[in-house]
Chemist: 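Here it is, the structure, as structure tokens.
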Amino acid sequence: FKGDDSCEYLLSSGRFLGEKVWQPHSCMMHKYKSSEAKNCLVDKHIVFLGDSRIRQLFYSFIKIINPQVKEEGNKHGNIPFEDKSASIKVDFLWYPEVNGSMRQRIKSWTEGSVAKPHIIVAGAATWSIKIHNGSNEALTQYKINITAIAPLLEKLAKSSDVYWVLQDPVYEDMLSESRKMITNEKIDAYNEAAVRILNSSSRNSKAKVKVFSVSKLIAQETIMKSSDGLHLPESSRDTNAMILMNVYCNKIMKPIDGSCCQPQPPLTLIQKLAFCFFTLSIIGYLIISLIHRNNYRKNKSCTDLEMGEEKKPAINTPNVSTLEMLLHSFCKLGLIMTYFYLCDRANLFMKENKFYTHSSFFIPIVYILVLGVFYTENTKETKVLNREQTDEWKGWMQLVILIYHISGASTFLPVYMHIRVLVAAYLFQTGYGHFSYFWIKGDFGVYRVCQVLFRLNFLVVVLCIVMDRPYQFYYFVPLVTVWFMIIYATLATWPQIVQKKANGNCLWHFGLLLKLICLLACIYFLSYSQGAFEKVFSFWPLSKCFELNGNVYEWWFRWKLDRYVVFHGMLFAFIYLALQKRQMISEGKGDALFSNRVSNVLLFISIVSFMTYSIWASSCKNKTECNELHPSVSVVQILAFILIRNIPGYVRSVYSSFFAWFGKISLELFICQYHIWLAADTKGILVLIPGYPMFNVIVSTFIFVCVAHEISQITNDLAQIMVPKDNSTLLKRLLCIAGFFFGLLLFSAMQDQSRH
């Protein structure tokens, strides 16, 4: 740990991921768009001062602001650029040598007669080598001249950002005869002189000229692609310009995926209160544990001296009180949340950008599939979508989604479309599972609703507080929560139609279908009426939950993307349970689901449908168009998978305990990955062990899975305490929870006001 100034790393070190993606050491680099660059540089004046290499950097920089700019103008003269819409001025000033002319220009800015630029990027040396034929006298004069301008640059650095660009290496074999004297040995000597003089000048000064040395590293990898052996290829120049933009703009724009040069965010009032609460919980648990330990020692068995026998203690192992269990859970949770904060909010651990390759996605997929098949066991029951099978389904889907996220596979459209089906399958299970429960049990009590809502939302609410993120940021939990409430409202409203009632009169089945048709009509209306949808979720306090970046568009987009699949899950559950009740399917161990002929036909259709969808998804060319079709067609592959998995009796009778184990903690895995496996809110990768990518993934994955498992147990323990079965006690707890959320909203409003 070398401090939290990642700017030093950004300007001096890094490596290439693939051929064109530059990865700074320890932090993440944001790719700025034109609009973002304009917002950052509004009313700014930037000056590039130097030779033809600096001119190239100047053009790459202004192309970030305006991609339409062409490299025109006098190559050996000054080139102005202005963006009037944002009042940005960027000038290139032709000073190919570090001499008296350059010194005079810099001095004019320090004396106050001319307005100082906000950013100054300077550098030169190759012309001095060329003109003086690489003589030692020229190097000596360079040292004298740079010594003269160093104090002036230091003076400017007190109010402006000043960067000195070191000279890139050349590709000597490609240099023309007139440039043969420009050797890498000479360039290294000039760079060494510049670094030594600039560093010695700033040693006792707070203001410091930033040495832009990372360009050398980039050039070492790419200079052989140069057209003349001297000037960098365009992709390398663009990388240098983007680094400059990150150095200056990250602290202003604070992009999520640009951790370089960003200071650690200050603790909010809510975060401070959370820290106090967890600290008190840990202290309280330690005190209670010490008291119980002492009581247990006092009641330890002692020897009866008269009888020579051992007496039994009056009290055996002390019972764990509700208070102790509560404090114990919050104690563990507090330690885990500290780890979350250190990983993704404090500038303690490194973060790196994702970089997708086919091997980084498909090799781990094959590996976990082999592991999953290896851990095959018999199921306890052989019903369609039995508990072991749904846990297995959730498990392998979650592992695939995790690999998808860490490998950055969202950039590869065929993989993205298949992952969309996996997310839809989770929501399908939400519709299937909750519909089946309410239809069979007929339990619409408050206890059931509170239990589900608590288990779904507990971790996310804690993370919203600790990590200072909006509820909608963890989009999947709001999605399943809202769909659960929609399912509940559909089935619980009058008339309540459940299996027991429908068995007495078949007309109730049509009543339920009518309810489902009404639900489908509402979904259709809201999906094509963005205004109506936004009005529903723009009322306070719903707006606090579903807004992201000041509007609910992201929430509407997420909801719309899988709008029909929960309905499909409910409809499938209704049809399946009706067939099961009428004994039209065979679910015995080893038995095919239907007669041999019907089973074979359905199996063939399912395999063809599954493959057809995969071919369509793999041939997608436009993400927007494919996303439009996805809500209507994703159910095809989901139903095909269910039938393939359940029609053959043997396949239905076995499951993978490996996948099922992960399936039981799939929700915790999905949420925890945001901060302790990935980094920068899923935009990057957490680096606990730098320099060893594979070992880092193994260690961070082990910790991540253990934490998810522990949080799952904590949630289950707290659910028993916070959501009791007794209605009067439950009502009191609900009032307390309502008070807690009211306080949370109040503090959140205070925070927003102080920020503005």
Side-chain angles (χ1 to χ4, degrees), residues 369-397 421-422 424-442 498-500 502-504 506 509 512-513 565 568-614 634-664 666:
L369 286 176
V370 170
L371 274 176
V373 171
F374 183 76
Y375 287 95
T376 302
E377 296 180 18
N378 291 325
T379 57
K380 292 177 182 175
E381 53 181 349
T382 55
K383 292 181 180 178
V384 172
L385 293 180
N386 56 66
R387 184 58 184 267
E388 287 105 334
Q389 192 184 122
T390 52
D391 282 342
E392 174 203 86
W393 193 8
K394 288 178 185 175
W396 70 256
M397 287 195 303
V421 176
L422 300 191
Y426 267 101
L427 293 170
F428 182 93
Q429 286 194 50
T430 296
Y432 172 83
H434 292 307
F435 178 91
S436 299
Y437 179 87
F438 290 128
W439 175 250
I440 295 168
K441 302 276 186 180
V498 295
Q499 191 179 56
K500 191 175 181 181
N503 287 340
C506 288
H509 286 93
L512 181 63
L513 286 173
V565 76
H568 291 145
M570 295 169 71
L571 188 61
F572 176 81
F574 174 70
I575 294 169
Y576 161 66
L577 292 170
L579 292 175
Q580 187 188 57
K581 192 69 182 174
R582 282 158 181 73
Q583 298 181 346
M584 295 175 71
I585 53 177
S586 175
E587 294 181 305
K589 190 170 184 179
D591 294 342
L593 207 58
F594 303 98
S595 64
N596 286 338
R597 180 178 292 179
V598 173
S599 293
N600 290 336
V601 170
L602 283 176
L603 203 56
F604 176 76
I605 293 171
S606 299
I607 292 169
V608 170
S609 301
F610 192 94
M611 297 302 295
T612 303
Y613 181 91
S614 287
S634 60
V635 70
V636 172
Q637 196 164 42
I638 294 169
L639 289 177
F641 171 79
I642 292 171
L643 292 176
I644 293 167
R645 183 72 178 81
N646 286 277
I647 286 176
Y650 171 74
V651 177
R652 195 176 64 251
S653 303
V654 295
Y655 79 107
S656 169
S657 56
F658 175 78
F659 290 142
W661 188 88
F662 284 99
K664 289 172 185 174
S666 59

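Everything numeric in this text was worked out from a predicted model, so none of it was measured.
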Chemist: Which donor-acceptor pairs under 3.5 Å do side chains of residues 589-604 form with protein atoms, sequence neighbours excluded?
Modeler:
from, atom 1, to, atom 2, distance (Å)
Ser599, OG, Phe594, N, 3.2
Ser599, OG, Phe594, O, 3.0
Ser599, OG, Ser595, O, 2.9
Asn600, ND2, Asn596, O, 3.1

Chemist: Compare every heavy atom of Asn386 with every heavy atom of Glu381, then report the nearest pair and how far apart it is.
Modeler: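 Distance-wise, the nearest heavy atoms are O-ND2, 3.2 Å.
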Chemist: Can you check whether Glu587's main-chain N or O pairs, donor with acceptor, with Thr382's side chain at less than 3.5 Å?
Modeler: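 The answer is yes, because a donor-acceptor pair under 3.5 Å joins these two groups.
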Chemist: Side chains of His568 and Ile638: closer than 4.5 Å at any heavy-atom pair?
Modeler: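 The answer is no, as the side chains (C-beta and beyond) never meet within the 4.5 Å cut-off.
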Chemist: Check Gly442 against Val498 and note the closest heavy-atom contact, atom names and distance.
Modeler: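 Shortest heavy-atom separation between Gly442 and Val498 comes out as CA-CG1, 3.7 Å.
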Chemist: Quick one, Tyr613 and Val421 - any side-chain contact, counting heavy atoms below 4.5 Å?
Modeler: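 Of all side-chain heavy-atom pairs linking Val421 with Tyr613, at least one is under 4.5 Å.
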Chemist: Going from CE on Met611 to CD on Gln637, what distance comes out if it is rounded to the nearest 0.5 angstrom?
Modeler: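 So the CE of Met611 and the CD of Gln637 are separated by 9.5 Å.
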Chemist: Say whether, by atom type as modelled, one donor and one acceptor occur between the side chain of Ser666 and the main chain of Phe662 under 3.5 angstrom.
Modeler: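 No; zero donor-acceptor contacts below 3.5 Å.
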Chemist: Just do the side-chain contact (heavy atoms from CB on, under 4.5 Å) check on Phe435 and Leu512 with the steps written out, would you?
Modeler: CA-CA 11 Å; Phe435 178 91; Leu512 181 63; 3.6 Å; yes
Chemist: Taking atom NZ of Lys383 and atom CD of Gln580, what is their separation to the nearest 0.5 Å?
Modeler: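 Going from NZ on Lys383 over to CD on Gln580, the span is 5.5 Å.
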Chemist: Ignoring hydrogens, what is the shortest heavy-atom contact between Ser606 and Ala640? Give both atom names and the distance.
Modeler: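 Answer, listing the atom of Ser606 first, then Ala640: O-CB, 3.3 Å.
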Chemist: Which of these passes side-chain contact (heavy atoms from CB on, under 4.5 Å) with Lys394: Gln389, Gln429, Lys664?
Modeler: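 By the side-chain contact (heavy atoms from CB on, under 4.5 Å) criterion, Lys394 pairs with just one of Gln389, Gln429, Lys664: Gln429.
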Chemist: On a heavy-atom basis, which atom in Val636 and which in Ser609 lie closest, and how many Å separate them?
Modeler: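 Nearest heavy atoms, Val636 then Ser609: CG1-CB, 3.9 Å.
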Chemist: Mark yes or no for whether Arg652, through its side chain, and Gly588, through its backbone, hold a donor-acceptor pair below 3.5 Å.
Modeler: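 Between the backbone of Gly588 and the side chain of Arg652 there is a qualifying donor-acceptor contact (under 3.5 Å).
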Chemist: With a 4.5 Å cut-off on side-chain heavy atoms, are Thr376 and Phe659 touching?
Modeler: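 With C-beta onward as the side chain, the pair stays apart.
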Chemist: With rounding to the nearest 0.5 Å, note down the distance linking CG in Leu422 to CH2 in Trp393.
Modeler: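 The CH2 atom of Trp393 is 9.5 Å from CG of Leu422, to the nearest 0.5 Å.
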Chemist: With side chains defined as the heavy atoms from C-beta onward, is the minimum distance between Tyr655 and Lys380 less than 4.5 Å?
Modeler: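 Of all side-chain heavy-atom pairs linking Lys380 with Tyr655, none is under 4.5 Å.
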Chemist: I'd like to know whether the aromatic ring centres of Trp661 and Tyr375 sit less than 6.0 Å apart in this structure.
Modeler: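 Not under 6.0 Å, so no.
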Chemist: Does any pair with a residue in residues 571-591 pass ring-ring contact (aromatic ring centres under 6.0 Å, His included), and if so which ones, sequence neighbours excluded?
Modeler: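 For residues 571-591, and leaving out neighbouring residues, the ring-ring contact (aromatic ring centres under 6.0 Å, His included) pairs sorted by first residue read Phe428-Phe572, Tyr432-Phe572, Trp439-Phe574, His509-Phe574.
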Chemist: Quick one: CG on Leu571 to CG on Leu639, what's the gap to the nearest 0.5 Å?
Modeler: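 Taking CG in Leu571 and CG in Leu639, the distance rounds to 9.5 Å.
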Chemist: Of all heavy-atom pairs between Leu643 and Pro648, which one has the smallest distance, and what is that distance?
Modeler: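 Looking at all heavy atoms of both residues, the shortest contact is O-CD, 4.1 Å.
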Chemist: Identify the two heavy atoms, one from Met397 and one from Ala425, that lie closest to each other, and give their separation to 0.1 Å.
Modeler: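 That closest heavy-atom pairing would be SD-CB, 3.5 Å.
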Chemist: Could you check whether atom CZ of Arg387 has more than 12 heavy atoms from other residues, nucleotides or ligands sitting under 6.0 Å from it?
Modeler: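 No, not enclosed.
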Chemist: Drop me the distance from Thr390's OG1 to Tyr426's OH, to the nearest 0.5 angstrom.
Modeler: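 Nearest 0.5 Å value for the OG1-OH distance: 11.0 Å.
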Chemist: Could you grab the distance from atom OG of Ser656 to atom CD of Glu388, nearest 0.5 Å is fine?
Modeler: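 Nearest 0.5 Å value for the OG-CD distance: 11.5 Å.
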